[in-house]
Amino acid sequence: MNSPLLAPYHGPVLRLPNRAAMAPMTRARADDATGVPTPIMTEYYTQRAAAGLIVSEGIWPHRLGKGGPGVPGLTGPAHAEGWRQVTRAVHAAGGRIFAQLWHVGRVSHPDILGGERPVAPSAVAISQGSVFTASGPQDYVIPRELPAAEVAEIVEAHAAAARVAMDAGFDGIEISAAYGYLIAQFLSDSANLRTDGYADHVRFAIEVVEAVAAAVGADRTALRVSPGNPLHDIVESDPAARYHRLLDALDGMGLAYLHVVQSSGRYAALEGLRPRWSGTLMATFDGPEPGGLGRAEEAVRSGLADVYAFGRLFLANPDLPRRIATGSPLNPLRENGMYEGGTEGYLDYPRLTG
Ligand SMILES: Cc1cc2nc3c(=O)[nH]c(=O)nc-3n(C[C@H](O)[C@H](O)[C@H](O)COP(=O)(O)O)c2cc1C
């Protein structure tokens, strides 16, 4: 089938064999005590090596950035060794893989952080929903407000984790600034009530991007944003103005790509940001149903996006590009094993044979 998703992409930095990327998805199969990846994770990513680019699940760059049991880390040699198994196998299967650095800030719990209180721009708790811990769902706690010196440490932790990622063989870094986690908390009006220099909502995001780019190269650095997305009590009074300002600071750095999550019924981020981004733009539509092929094809065909990242469709269809090429039916998503567990719902989605 003649899908624009299957055309190779030769951008200013990235060269990809197709435009169907795999979006970052937390699957919580790392060793919980250490955050070291387990062997089933190597198999999971290798099954999906036909993606134009794999973006890994979110990985904590600092011990206080962990968002749940079984979430992997990237802070030391044991993490590097575990991830090296993944990157080697993905490369041997012909794929490319970026590591998503994911500090969750206040979207955590002392039970996940060895008894320590989660950190955030300000001491404001998430008022609704619950956080999943080893003993089940719990209410969010009031986070500890980060002193400026500790903000600088977290910026440096992102750079250090990016260096570990390079040592582990990743092709690049995607920094998570989406979905209400730490960087998105700084970007918001609801979680960032600071009166110091970080009252400038975009400052922390820019500092993290600059630090990671200085550590591993701008051409290996990417950023994921979800303008206007309300997840985790996020309010952005004027997403257009805020993200335009962020892009004004970052466009021109020569980053690998900007990953824009466009949320249904919210600010039309792709239309707003595309004209302001001269580099590669990766898109994901976020809504109750998995992002559909038709909409993704239209985004690429129209030039709104250069590359499209599928989450749930890639979770359920390890060989998604081949299914697009042959017009084959897509496997349905199963809830079982989606966010945690072992091999079930993880390694057992069927691939086309022959
Ligand atoms: C199981 C699961 C885990 C996810 N984990 C992450 C994550 O670690 N980091 C992130 O930025 N987005 C995460 N997401 C969001 C996806 O990357 C994507 O933006 C969202 O699922 C919408 O795309 P889709 O409709 O193609 O699934 C996750 C989504 C799912 C379904």
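Counting starts at 1 for both ligands and their atoms, following the listed order. Side chains are part of it too, since the values below use all heavy atoms of this structure and drop only hydrogens, waters and symmetry mates.
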What pairs with D219 under salt bridge (charged side-chain N to carboxylate O under 4.0 Å, His left out), at least two apart in sequence or on another chain?
none
With a 3.5 Å distance limit and no angle check, can you tell me whether R274 reaches the backbone of G303 through a side-chain donor-acceptor pair?
yes
Would you please name every residue forming a side chain to side chain contact (heavy atoms under 4.5 Å, CB included) with E207, sequence neighbours left out?
V155, Y198, R203
Measuring from each atom of ligand 1, which residues have a heavy atom under 4.0 Å away?
A23, P24, M25, T26, G58, Q100, Y179, R224, T284, F285, D286, E289, P290, G291, F310, G311, R312, M338, Y339
Is it true that the side chains of D233 and S190 contain a donor and an acceptor less than 3.5 Å apart?
no
Considering only residues two or more places apart or on different chains, which pairs with a residue in residues 236-283 satisfy ring pair (Phe, Tyr, Trp, His ring centres under 6.0 Å)?
F98-Y257
Could you tell me whether a side-chain N or O of Q100 sits under 3.5 Å from a main-chain N or O of E174, the two making a donor and an acceptor?
no
